[in-house]
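Order of appearance sets the numbers: ligands from 1, and atoms from 1 within every ligand. Count residues from 1 along the sequence.
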Amino acid sequence: MEASVLLNPERRMLKVMQEKAGEWGLEEILKSCNWSDQAIAVGAGHGLSNKGFVSTNEQITQTVKLATEGIKAASEGLLEARLWNWIESSDEASMSGLQSAFERHEAGPGVGLLKRLGVQLQEGHFQAEDPTSVRAAIAKRSAFIEALPCLVSDANPEMLEHFKTRRGLIEVVEQTTRSWSITESGMAVQAAHLEEKVAVAEITTELLQSEDWMDAEYRAFDVTLESSTPPTGRSHPMQALIERVRAIFLEMGFSELVDDYVQTAGWNMDALFIPQDHPAREMQDTFYLENPASISLPDELVSAWGDIHEHGGTTGSVGWGGAFSKATSERALLRTHTTVNTIQYLAENPQDACRVFSVDRVFRKEAIDRTHLPEFHQIEGIIMEEGANLQMLVTTLKTFYAKMGYPEVRVRPAYFPYTEPSLEIEVKWRGKWLELGGAGIFRPEVTEPLGISTPVLAWGMGLERLAMLVLGLDDIRQLYISDLDWLRNQPIL
Ligand code: PHE
């Protein structure tokens with residue numbers, strides 16, 4: 001073993017030990033090395049032992065000591081001794097007398113102790129069959145307590161077992177005693193190797209500019225020690241999730257659509273064949289704007305929607321009936337779903353096959369609670385393609401969720417005014433099915449007025465709901481309260 005890898009305390013200890021062969025006890029080492037901390041000596045001895053320069057002799061001793069109750073008993077007397085004295089010195093050793101002479105926490109266990117010693121109530125008085133043996137038993141116990149501390153090996157085994165069963169009177173403490181003796185290879189280490197050197201813990205400019213660094217000894221870093229992670233900037237988990245969703249759709253051949261959230265009821269609802277008297281259109285469900293309160297729409301468009309809504313236009317549908325209102329159609333609002341954007345994209349590109357997605361904010365007048373926010377995000381998408389069908393829609397959604405890490409997905413029949421068939425998408429999470437969004441194939445009442453003749457698959461899913469799954473949240477509000485501690489500790493998606 002190389003003597004040059006010795007640490008300073010090891011050098012000092014070995015140097016001292018080279019002066020004398022044979023056993024060195026801890027006290028002797030501490031004194032000779034001028035240390036006050038036992039841990040340094042034990043550590044240095046351990047290191048020297050590992051390197052083969054000393055041999056360590058370890059002895060474990062077990063000592064019986066007084067515990068908290070025992071310390072009290074040693075000065076005041078054991079409870080049974082005090083009880084017995086009281087019984088012998090009072091003429092009325094009754095239960096009520098005992099209860100007034102001793103505190104409750106002593107009286108209760110005391111009666112049990114006496115009983116086991118053969119002292120019981122007889123005709124209302126505590127009495128022993130054989131007072132001499134009671135006195136002897138108590139004296140033996142008291143003597144044991146008074147003689148503590150002692151080595152376990154020296155203790156009366158019967159008494160030791162007895163006191164081990166009683167709370168707080170004694171404790172058995174283990175102690176390791178070490179001694180060291182120098183080995184031949186320890187003796188052979190040259191004095192030059194035992195010179196203590198100043199270990200450099202920090203490299204400074206001064207050190208590098210001087211020549212000292214050449215002979216300096218450097219303190220090694222222990223890279224296995226635990227350390228705190230310095231807080232650094234990072235994406236908000238919602239932003240990270242959006243990036244992830246975006247990456248998945250791009251990878252699946254989709255293009256991203258980004259558009260305004262200020263929209264007309266016409267595009268948000270009428271174009272999607274949502275009847276003008278639908279409850280979701282009410283003030284209490286939708287944020288309508290005051291400025292602008294309305295946005296004008298081309299006459300041809302409004303009248304095409306009017307035809308569809310009133311009697312189904314040329315689609316063969318019977319429509320919703322009633323009278324369609326242009327003013328209702330032109331009311332300005334904050335979009336309630338991102339379908340308002342995909343439908344406009346289709347209106348502008350009615351003939352070209354496409355795959356388009358968006359991840360964007362929508363607004364609904366919801367009361368805030370554990371699972372609802374008035375402002376949230378939707379993951380929207382459409383596929384327009386010759387031959388597109390329900391099977392393809394389901395496969396696309398399943399592929400998306402599988403890439404997100406949720407392989408178990410199912411669809412159930414649902415209803416939306418603008419799709420037929422319509423589906424609800426559910427994902428299995430912690431053993432339960434959770435609804436994450438809607439999907440379907442656009443109805444002719446939606447596609448025909450816009451000149452679309454190819455089938456269009458469409459879906460819209462909640463992003464915050466998905467975030468709750470990904471991040472394991474019970475409360476959706478956690479995402480937006482800017483809880484720095486929580487944010488710093490989120491997994492990197
Ligand atoms: N827009 C619907 C919603 O907000 C979801 C959906 C989109 C349903 C497209 C069918 C087709 O819940």
Original post:
Just by modelled atom types, is the L7 backbone N or O under 3.5 Å from a matching donor or acceptor in the E10 side chain?
Top reply: yes
Subject >> For D474, side chain to side chain donor-acceptor pair (under 3.5 Å) partners two or more places apart >> reply: none
Original post:
Is it true that R178 and E58 make a salt bridge, defined as a side-chain N closer than 4.0 Å to a carboxylate O?
Top reply: yes
Original post:
Between R167 and E69, is there a salt bridge with N-O shorter than 4.0 Å?
Top reply: no
**OP:** Evaluate the ring planes of H337 and Y418, with Trp represented by its six-membered ring, and classify them as parallel (under 30°), tilted (30 to 60°) or perpendicular (over 60°).
**Re:** perpendicular
**OP:** Let me see the working for D270 and R331 under salt bridge (charged side-chain N to carboxylate O under 4.0 Å, His left out), right down to the final yes or no.
**Re:** CA-CA 11 Å; D270 299 325; R331 285 183 75 182; over 6 Å; no
What are the polar N/O contacts of ligand 1 with the protein below 3.5 Å, with distances?
{"residue": "ligand 1", "atom": "1 (N)", "partner": "H337", "partner atom": "ND1", "Å": "3.1"}
{"residue": "ligand 1", "atom": "1 (N)", "partner": "T339", "partner atom": "OG1", "Å": "3.0"}
{"residue": "ligand 1", "atom": "1 (N)", "partner": "Y418", "partner atom": "OH", "Å": "2.9"}
{"residue": "ligand 1", "atom": "4 (O)", "partner": "R364", "partner atom": "NH2", "Å": "2.8"}
{"residue": "ligand 1", "atom": "4 (O)", "partner": "Q378", "partner atom": "NE2", "Å": "2.9"}

